[in-house]
Number of protein chains: 2
Amino acid sequence: MASAIEVIAEVGFAQASLARIAAHADISKGVISYHFAGKEELMVEVVERTYGAIAEHVLTKMQGLQSATELLRTHVLSVAEHMRGHRTQLKALGEIFTNLRTADGKLRYGIKASEPTYLALEGIYRLGQESGEFRDFDVRVMAVTHSSAVDTMFAYWMAHPGHDLDAHARELADLLERACVT
Amino acid sequence: MASAIEVIAEVGFAQASLARIAAHADISKGVISYHFAGKEELMVEVVERTYGAIAEHVLTKMQGLQSATELLRTHVLSVAEHMRGHRTQLKALGEIFTNLRTADGKLRYGIKASEPTYLALEGIYRLGQESGEFRDFDVRVMAVTHSSAVDTMFAYWMAHPGHDLDAHARELADLLERACVT
DNA sequence: CTAGATTTTGGCCGTGCGGTCAGAAATTGA
DNA sequence: TCAATTTCTGACCGCACGGCCAAAATCTAG
């Protein structure tokens, strides 16, 4: 499966054929079909494993925090921290999230698959509004914006390796916080 | 070419074969090869025409404005306005921007192709800092965040047709402004 | 009206895709 | 040691891809 991640990250989802993945792993294509019901299942496995790792990392970092401001800042910074150590996996995750389609042509993930992330982020922003830390605003718009800003921070850093990911994360945390405060 | 836009918007870039595009236009595949040097050139034509239309619309709306705050708000609102009237074209544009690759497998566009947009947005934010309207912050991070927030506003609206695009745009303009003010 | 130019058709090509599976190789447990 | 089981190989399959091109159809200018 590590080969699937590396090939997808390197050549993109569309060019990540079973032949290329198998060649990269130095195995036969038939091994993939033997272990997975199909290419889609392989991809789903990659997503679940990779996504689970991010979620675990971020949740661990946010454990025990009570302030909405701290939670929001920790979310951005801890995702960036995880990104730095897992660039190949996250690249592959993004490719699959954006492109994987089911047999009937529909997107398997796509933006609707971000709903759990949106709900979690809304929870943080709503907590801030309830505690008085934050002003009144549309938490859905803020959650959608927050999520996309984090994704693009990664994409930008991937395209510009010299870019300071942590500085970007701090700056992003600042602007998200300032957008909310009373 | 309208057929290319509609097919790409409907089934996604990867499934938008020349056969499907031709069938949608009720023409033969050979016509495409006759008029365009290849599939890539057809896609580039779609991008240039569609992107040019957005740029023209937004620039027209921003003409004569002097306040950085007005410029930033007008950018967000006028892009949303254009989106409402060109959802199919913008869907196709996004698909091509994200997925089109050259013969040697490299992304034709990708995030580096957003550099002109980033530079333009940086100009607005820098103007605000120079005039005293805005505080001191990393204009590149703000530009990258602004651009991705606008793109995701569209993607979210495409996935949730009941979502109020204009309300989202106003809310986004608010949070971008608040993130910047002194 | 017609020759020449332009546009279109649709079958064909080589290539690559995901998936299959008979048989080989490796592993396991008694 | 060996039968049974598991894992792997790699050739093969039908399908779809982008692109090509000879021939047909349409258009244009004189």
Side-chain angles (χ1 to χ4, degrees), chain A residues 1-50 91-110, chain B residues 1-50 91-110:
Chain A
M1 193 185 322
S3 279
I5 289 176
E6 287 176 40
V7 170
I8 295 166
E10 181 182 329
V11 301
F13 178 83
Q15 277 67 48
S17 60
L18 293 181
R20 289 180 94 150
I21 292 169
H24 189 285
D26 203 27
I27 59 173
S28 184
K29 262 200 317 158
V31 176
I32 300 176
S33 293
Y34 184 84
H35 289 287
F36 299 94
K39 189 179 186 185
E40 184 181 336
E41 186 174 299
L42 169 64
M43 297 299 157
V44 167
E45 188 66 26
V46 168
V47 163
E48 289 184 357
R49 190 171 297 195
T50 308
K91 175 68 173 158
L93 180 66
E95 286 279 339
I96 300 175
F97 234 78
T98 305
N99 295 294
L100 179 62
R101 290 180 181 262
T102 57
D104 62 2
K106 291 194 176 95
L107 275 174
R108 173 72 172 74
Y109 295 104
Chain B
M1 193 186 318
S3 279
I5 288 175
E6 287 178 40
V7 170
I8 295 166
E10 180 183 329
V11 301
F13 178 84
Q15 278 67 48
S17 61
L18 293 181
R20 288 180 95 150
I21 293 169
H24 189 284
D26 204 26
I27 59 173
S28 184
K29 266 200 315 160
V31 175
I32 300 175
S33 293
Y34 181 84
H35 290 288
F36 298 94
K39 189 178 184 186
E40 184 180 337
E41 187 175 299
L42 168 64
M43 296 299 156
V44 166
E45 189 66 26
V46 168
V47 163
E48 288 183 0
R49 192 172 296 193
T50 307
K91 174 68 173 160
L93 180 66
E95 286 280 337
I96 300 174
F97 233 78
T98 304
N99 295 294
L100 180 61
R101 289 179 181 265
T102 57
D104 61 2
K106 292 196 176 95
L107 274 175
R108 173 69 172 76
Y109 295 103

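Computed from heavy atoms alone, side chains included, the values below leave out hydrogens, waters and symmetry copies. Just so it is clear: chains get the letters A, B, ... in the order the sequence lines come, proteins before strands, and each one is counted from 1.
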Tell me the interatomic distance from [X], atom [atom1], to [N], atom [atom2], rounded to whole angstroms.
| X | N | atom1 | atom2 | answer |
| --- | --- | --- | --- | --- |
| B:I32 | D:dC20 | CD1 | C1' | 14 Å |
| A:Q15 | C:dG18 | CD | C1' | 15 Å |
| B:R101 | D:dC17 | CZ | C1' | 17 Å |
| B:I21 | D:dC17 | CD1 | P | 10 Å |
| A:L18 | D:dC13 | CG | C1' | 15 Å |
| A:F36 | D:dT7 | CZ | P | 12 Å |
| A:I27 | C:dA24 | CD1 | P | 21 Å |
| A:D26 | D:dC8 | CG | P | 12 Å |

(message) Can you say whether a donor on the side chain of A:K29 sits under 3.5 Å from an acceptor on the base of C:dG19, or the other way round?
(response)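 Donor-acceptor pair under 3.5 Å: yes.
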
Side-chain N,O ([X]) to OP1/OP2 ([N]) below 4.0 Å:
| X | N | result |
| --- | --- | --- |
| A:Y34 | D:dC8 | no |
| A:S17 | C:dC17 | yes |
| B:H35 | C:dT8 | yes |

(request) Take A:R101 and B:Q15 through the test side-chain hydrogen bond (donor to acceptor under 3.5 Å, both in side chains) and record every step on the way to the result. (result) CA-CA 10 Å; A:R101 290 180 181 262; B:Q15 278 67 48; 3.1 Å; yes

(request) Using the ring of B:F13 (Phe, Tyr or Trp, six-membered ring only), decide whether B:K91 places NZ or CZ under 6.0 Å from its centre and within 45 degrees of its axis. (result) no

(request) Taking only the side-chain heavy atoms of A:S33 (C-beta and beyond), determine which of D:dG18, D:dT9, C:dT20 contains the nearest atom. (result) C:dT20

(request) Please determine, for the side chain of A:K39, which listed nucleotide (C:dG19, C:dT9, D:dT9) has the closest atom? (result)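 My answer, after comparing the listed nucleotides, is C:dG19.
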
(message) Donor-acceptor pair, distance only, cut-off 3.5 Å: does the side chain of A:S17 make one with the backbone of A:R20?
(response)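 Side chain of A:S17 to backbone of A:R20: a pair is present.
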
(message) Nearest 0.5 angstrom please: B:I32 CD1 to B:E41 CD, how far?
(response) 12.5 Å

(request) Show the numbers, then the answer: is there a side-chain contact (heavy atoms from CB on, under 4.5 Å) between B:I8 and B:I96? (result) CA-CA 8 Å; B:I8 295 166; B:I96 300 174; 3.7 Å; yes

